[in-house]
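Inspection log for the structure reproduced underneath, given as structure tokens.
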Amino acid sequence: MKYVITSIISFFMAFSASAFEKQPFNETLFAELQNKGAVIMIDVYAPWCPTCKKQQKLFQQYHEQNPEKKFHVLVVDYDNDKQWVKKFRAPRQSTLLLYKGDKQFWYSVAETRFNVIEEKLNSAFKF
């Protein structure tokens, strides 16, 4: 019985460790990640937006195919974070901004082609 419980716990720990995580945008966290030279995707998201939901699936797919490439998705709530929507000049939900440290690599609105998102993320890791 102890073996079964240990196996179940190990399974869930492995699953949660491989799960893709995103975080709400926070100016302090963004600055910390930039100072560390991290790859950061700013995702201007709305829960009612089908394009945004598709983008989330593409981030998950990229993560699953490239688990060694750690990147952060910081979510700006399109409906409630108007200060940051304006700062990032997001004309609408589904706007994506990709950074490596403090350098912006890419800006896109409504991109849902996996090969494009993959290519942009890969280019940020090469820098």
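Quick note: residue numbers are just sequence positions, from 1.
Hydrophobic clustering of Ile, Leu, Val, Met, Phe, Trp and Tyr side chains at less than 4.5 Å, counting indirect connections, unites Phe105 with Phe114. Under a hydrophobic clustering in which Ile, Leu, Val, Met, Phe, Trp and Tyr are joined whenever their side-chain heavy atoms come within less than 4.5 Å, directly or via other members, Ile42 and Tyr107 fall into the same cluster. At a threshold of 4.5 Å between side-chain heavy atoms, the hydrophobic network of Ile, Leu, Val, Met, Phe, Trp and Tyr places Leu121 and Phe88 in two separate groups. Neither Leu97 nor Ile117 shares a network with the other; the hydrophobic side chains, linked directly or stepwise wherever heavy atoms of I, L, V, M, F, W or Y lie under 4.5 Å apart, form separate groups for each. Cluster annotation: Leu74 is not connected to Phe125 through the hydrophobic network of ILVMFWY side chains, with a link wherever side-chain heavy atoms come within less than 4.5 Å.
Pairing each heavy atom of Lys120 with each of Leu98, the nearest pair is O-CD2, 3.3 Å. Among all heavy-atom pairs drawn from Leu96 and Met41, the shortest one is CB-SD, 3.9 Å. In plain terms, the two heavy atoms of Val39 and Lys70 that are nearest each other are CB-O, 4.4 Å. In terms of heavy atoms, Pro47 sits closest to Asp79 at CD-OD2, 4.4 Å.
Cys49 places none of its side-chain heavy atoms less than 4.5 Å from the side chain of Tyr78. Considering only heavy atoms from C-beta on, Val73 comes within 4.5 Å of Val75 through its side chain. Here the side chains of Gln93 and Thr51 are not in contact, with every heavy-atom distance at 4.5 Å or above. Looking only at side-chain heavy atoms (C-beta outward), Gln55 and Tyr45 stay at 4.5 Å or farther from each other. In this structure, Phe59 and Lys22 have side chains that are not in contact, with every pair of non-hydrogen atoms separated by 4.5 Å or more. Residues Asp43 and Phe25 fail the side-chain proximity criterion, which asks for heavy atoms closer than 4.5 Å.
A donor-acceptor pair under 3.5 Å links the side-chain atoms of Lys100 to the main chain of Phe127, judged by distance alone. Side chain of Asp81 to backbone of Trp84: no donor-acceptor contact under 3.5 angstrom is found. Using modelled atom types, no side-chain atom of Glu118 and backbone atom of Tyr62 make a donor-acceptor pair closer than 3.5 Å.
A donor-acceptor pair shorter than 3.5 Å can be found between the side chains of Gln60 and Glu64.
Within 6.0 Å of the CD atom in Glu27, the count of heavy atoms belonging to other residues, nucleotides or ligands does not exceed 12. A 6.0 Å sphere centred on NZ of Lys54 holds no more than 12 heavy atoms belonging to other residues, nucleotides or ligands. Within 6.0 Å of NZ on Lys87 lie no more than 12 heavy atoms contributed by other residues, nucleotides or ligands.
Distance CD/Glu111 to OG1/Thr95: 12.0 Å, rounded to 0.5 Å.
Here Tyr99 pairs with Phe30 under the ring pair (Phe, Tyr, Trp, His ring centres under 6.0 Å) rule; sequence neighbours left out. Listed by chain and number, the residues in a side-chain contact (heavy atoms from CB on, under 4.5 Å) with Ala38 are Leu33, Ile40, His72 (sequence neighbours excluded).
Just one of Lys57, Gln65, His63 meets the side-chain contact (heavy atoms from CB on, under 4.5 Å) condition when paired with Gln61; it is Gln65.
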